[in-house]
Amino acid sequence: MMKGVATASNEDRENMFLTLAVEEAYKAVETGDGYPYGAVIVRNDEIVASCHNMVGRNTDPTAHAEITAIREACRKLNQVELADCEIYASCEPCPMCYGAILFSKFKKVVYGARAEAAVAVGLESNVADALQDSSFYEKVNMEIKKAEGSVAVIAEQVFENTKDKIVMPSVA
């Protein structure tokens with residue numbers, strides 16, 4: 001490192017990208033596009049994709065923040081494997097998103113809130129149930145990290161702060 005040049009610690013760097021994912025989660029609700037989830041994909045410290053849940057806007061149950069970000073990153077980079085990328089998610093990815101993350105071969109996943117934070121405001125209890133007592137994620141060759149400290153708290157606050165604004169899709 002050059003004298004006088006400060007670099008962000010790995011934790012500061014992760015917190016910065018997670019904070020952007022949380023901002024995306026708020027955008028999902030504020031725009032009416034979907035549920036309060038956000039994701040940011042980073043390669044070499046540069047943001048490749050920054051997306052939020054688009055389930056309502058796209059009338060697509062697979063348009064989760066992580067999936068939307070993966071699609072955008074693959075298009076931008078013109079590749080299907082994102083092995084040189086990291087993904088930052090405002091909340092613990094659901095099994096579908098973990099599958100897409102695994103198939104994309106990310107080197108690292110960092111998430112802010114646990115799935116239970118979403119369940120507490122009435123969102124997708126089946127996601128937390130599916131993740132509970134699963135050893136599948138222990139077997140993958142990828143760094144999966146739950147954020148700690150203040151960034152984890154702000155990630156969990158998204159659900160409480162938006163619960164009265166979340167528009168649930170009507171069932172026909």
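Any value given below was found using the heavy atoms of this structure, including those in side chains, with hydrogens, waters and symmetry copies removed. If you read the sequence from its start, that first residue is 1, and numbering goes on from there.
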Closest non-hydrogen contact found for Ala73 with Ile41 is CB-CD1, 3.8 Å
So CZ of Phe106 and CG of Asp84: to nearest 0.5 Å the spacing works out to 9.5 Å
Between the CD1 atom in Ile67 and the SG atom in Cys51, the distance rounded to the nearest 0.5 Å is 11.0 Å
- prompt: When you check the gap from the basic side-chain N to the acidic O, do Asp45 and Arg13 get nearer than 4.0 Å?
  reply: yes
Nearest heavy-atom contact between Glu24 and Ser50 is OE2-OG, 2.9 Å
Between Ser104 and Ala100, the two heavy atoms sitting closest are OG-O, 2.7 Å
*asked:* Tell me whether Val42 shares a hydrophobic cluster with Val110, the cluster being built from Ile, Leu, Val, Met, Phe, Trp, Tyr side chains joined at under 4.5 Å.
replied: yes
_Sidechain N-carboxylate O distance under 4.0 Å for Arg75, Glu72_ = no
Between Glu86 and Lys108, is there a donor-acceptor pair closer than 3.5 Å when you use the side chain of the first and the backbone of the second?
no
Rounded to the nearest 0.5 angstrom, the CG-NZ distance for Leu18 and Lys145 is 9.0 Å
Smallest heavy-atom separation, Ala63 atom then Asn58 atom, equals CB-ND2, 4.0 Å
> Between Phe17 and Tyr111, is there a shared hydrophobic cluster once you connect ILVMFWY residues whose side-chain heavy atoms come closer than 4.5 Å?
Replying inline: no
Note: Lys76 and Val48 closest approach over all heavy atoms is NZ-O, 2.8 Å
State yes or no: do Met16 and Ile47 share one hydrophobic cluster built from I, L, V, M, F, W and Y residues joined by side-chain heavy-atom distances below 4.5 Å, directly or via other members? yes
One should read off an interatomic distance between Leu82 CG and Ile87 CD1, to the nearest 0.5 angstrom, of 8.5 Å
Any side-chain heavy atom of Leu77 within less than 4.5 Å of one from Cys85?
yes
Please test Lys27 against Glu30 for salt bridge (Lys or Arg N to Asp or Glu O under 4.0 Å), starting from the C-alpha separation and ending with a verdict.
CA-CA 5 Å; Lys27 270 191 225 175; Glu30 290 165 5; over 6 Å; no
Is there a path of hydrophobic side-chain contacts, each under 4.5 Å between heavy atoms, that joins Met54 and Val40? no
inquiry  = Looking at Ser9 and Asp12, would you say the former's side chain and the latter's main chain have a donor-acceptor pair under 3.5 Å?
reply    = yes
Q: Check for a donor-acceptor pair, side chain of Asn44 on one end and backbone N or O of Glu46 on the other, with a separation under 3.5 Å.
A: no
Would you find more than 12 non-hydrogen atoms of other residues, nucleotides or ligands less than 6.0 Å from Lys105 atom NZ? no
Here the pair of heavy atoms bringing His52 nearest to Asp33 is NE2-OD2, 2.7 Å
One should read off an interatomic distance between Ser90 OG and Glu66 CD, to the nearest 0.5 angstrom, of 7.0 Å
Requested in this report: Taking the side chain as every heavy atom from C-beta outward, state whether Ile154 and Gln157 have any pair of such atoms under 4.5 Å apart.
Outcome: yes
The reported gap from OH in Tyr26 to NZ in Lys165 (rounded to nearest 0.5 angstrom) is 8.5 Å
Side chain to side chain contact (heavy atoms under 4.5 Å, CB included) for Thr31 and Arg57? Distances and angles first, verdict last.
CA-CA 9 Å; Thr31 60; Arg57 180 181 202 185; over 6 Å; no
Margin query: Under 4.5 Å between side-chain heavy atoms, counting indirect links through other Ile/Leu/Val/Met/Phe/Trp/Tyr residues: same cluster for Val109 and Tyr88 or not?
Written below: no
